[in-house]
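Quick note: residue numbers are just sequence positions, from 1.
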Amino acid sequence: MFDGFSAELLARIQFAFTVSFHFIFPAFSIGTASYLAVLIALWLWKRDTIYLKLFEYWKPIFAITFGMGIVMSYQFGTNWAVFSDKVGPVIGPLMGYEVLTAFFLEAGFLGIALFGRKRVGDSLHMFAVAMVAVGTLIFATWILSANSWMQTPQGFTIGENGQFLPADWWEIIFNPSFPYRLVHTVLAAFLTTAFGVGAVGAYHLL
């Protein structure tokens, strides 16, 4: 079936397929996490059950998109091994910082946010939901820093074996296109969620 297809072309096809569908999941989870935090805050403030119903409705949808949003990073190593080897000293730590600061924060409070409302009390549950939302924004920050560095690299030197070696982490993290990409992506995530929530609401009203 794939006679005449090189390994590089097959890798590109697989990566193109993945990335075509991948981004909708992290974008939607970033926006939905903040939306859930707003809903639970409104519930605690106004005690109007509509906010709690909306929170319970969107909570499992967020959980699914959250899980689906972490698939693509594995393909850096499986599909682009040479790229990963060359830029690993720069991209690797950025991915590591994302795991240490964002993913651990999200994962640490995700269980409480999803299942702990009746077990830990309103204040701690609100805090947990807020921490998950903050974690998604920190996640976006590190991932966009890494992605932007690929587009506008700076703060590095080339080693003897051709690897990109970090020379100035401030220049690497805050590379020229990073601020614009971060603002663009976070706003896009919020807009994606707003349109998704609006569409579902319109369907139920109809």
Discussion item. Quick check: is L54 connected to V200 through a chain of hydrophobic side chains (ILVMFWY, heavy atoms under 4.5 Å apart)?
Written reply: yes
Item to complete: Mind checking the CZ-CG spacing from F109 to L114? Nearest 0.5 Å is all I need.
Response: 13.5 Å
Item to complete: Check the hydrophobic clustering (I, L, V, M, F, W, Y; side-chain heavy atoms under 4.5 Å; chains of links allowed) and say if F195 and V186 are grouped together.
Response: no
Worksheet item: With under 30° as parallel and over 60° as perpendicular, where do the rings of F62 and F66 fit, or are they tilted in between?
Response: tilted
Worksheet entry | Hydrophobic cluster identity match, L42 and L124, side-chain contacts under 4.5 Å | yes
Worksheet item: If every non-hydrogen atom of A189 is compared with every non-hydrogen atom of A27, which pair is closest and at what distance?
Response: CB-O, 3.3 Å
Fill in: Separation of S177 OG from Q154 CD (nearest 0.5 Å)
9.0 Å
Item to complete: Calculate, to the nearest 0.5 Å, the distance between atoms CG and CG belonging to L105 and L100 respectively.
Response: 11.5 Å
Worksheet item: In terms of side-chain heavy atoms, does T65 have a donor or acceptor partner in S29 at a distance below 3.5 Å?
Response: no
Discussion item. Looking at every heavy atom in both G135 and A102, which two are closest together, and how far apart are they?
Written reply: O-CB, 3.4 Å
Item to complete: Report yes if some heavy atom in the side chain of F15 is under 4.5 Å from a heavy atom in the side chain of R12; otherwise report no.
Response: no
Discussion item. What's the separation between atom CE in M131 and atom CE in M126, rounded to the nearest 0.5 Å?
Written reply: 9.0 Å
Practice prompt. Sort and list the pairs that fulfil side-chain hydrogen bond (donor to acceptor under 3.5 Å, both in side chains) and have at least one residue in residues 184-206, not counting sequence neighbours.
Written response: Y57-H204
Item to complete: Search all heavy atoms of L39 against all heavy atoms of Y51 and return the closest pair with its distance.
Response: O-CB, 3.6 Å
Fill in: Joint hydrophobic cluster, Y180 plus F23, side-chain heavy atoms closer than 4.5 Å
no
Item to complete: Kindly assign one of parallel, tilted or perpendicular to the pair F156 and F164, based on the angle between their ring planes and the thresholds 30° and 60°.
Response: tilted
Worksheet, complete the sentence: Smallest heavy-atom separation, V129 atom then A113 atom, equals CG2-CB, 3.8 Å
Item to complete: Could you state whether F21 and I64 fall into the same hydrophobic cluster, counting links through intermediate Ile, Leu, Val, Met, Phe, Trp or Tyr residues with side-chain heavy atoms under 4.5 angstrom apart?
Response: no
Worksheet item: Is there a side-chain contact between P179 and F174, using heavy atoms and a 4.5 Å cut-off?
Response: no
Item to complete: Answer yes or no: is there a donor N or O on one side and an acceptor on the other, between the side chain of R119 and the main chain of F115, under 3.5 Å?
Response: yes
Discussion item. For the residue pair R47 and W45, would you count it as a cation-pi contact if the rule is NZ or CZ under 6.0 angstrom from the ring centre and within 45 degrees of the ring axis?
Written reply: no
Worksheet item: Once you round to the nearest 0.5 Å, how far does CD of E8 lie from CD1 of I13?
Response: 11.0 Å
Discussion item. With heavy-atom distances below 4.5 Å as the criterion, would you say the side chains of D168 and P166 are in contact?
Written reply: no
Discussion item. Walk me through whether L94 and I172 qualify under side chain to side chain contact (heavy atoms under 4.5 Å, CB included).
Written reply: CA-CA 9 Å; L94 294 178; I172 290 172; 4.2 Å; yes
Worksheet entry | Qualifying side-chain hydrogen bond (donor to acceptor under 3.5 Å, both in side chains) pairs with a residue from residues 131-149, counting only residues at least two apart or across chains | T101-W142
Discussion item. For E98 and I143: C-alpha separation, side-chain torsions, deciding distance, then whether side chain to side chain contact (heavy atoms under 4.5 Å, CB included) applies.
Written reply: CA-CA 7 Å; E98 181 269 320; I143 293 299; 4.1 Å; yes
Discussion item. For a 4.5 angstrom cut-off between non-hydrogen side-chain atoms, does I40 reach L52?
Written reply: yes
Worksheet item: Below 4.5 Å, heavy atoms only, C-beta onward: do W58 and L36 meet side chain to side chain?
Response: yes
Item to complete: Can you see which heavy atom on T157 is nearest to which on A167, and at what distance?
Response: CG2-CB, 3.9 Å
Worksheet item: Is a salt bridge present between E56 and K59, judged by a nitrogen-to-oxygen distance below 4.0 Å?
Response: yes
Fill in: Parallel, tilted or perpendicular, as decided by the 30° and 60° cut-offs, for the rings of H125 and F55
perpendicular
Discussion item. Is any side-chain heavy atom of I30 closer than 4.5 Å to one of F139?
Written reply: yes
Fill in: Atom pair NZ (K53) and CG (D48), whose distance is rounded to the nearest 0.5 Å
9.0 Å
Could you pull out all donor-acceptor pairs under 3.5 Å where a side-chain atom in residues 80-90 meets a protein atom, sequence neighbours excluded?
from: S84; atom 1: OG; to: F76; atom 2: O; distance (Å): 2.6
from: S84; atom 1: OG; to: W80; atom 2: O; distance (Å): 3.0
from: K86; atom 1: NZ; to: N161; atom 2: O; distance (Å): 2.9

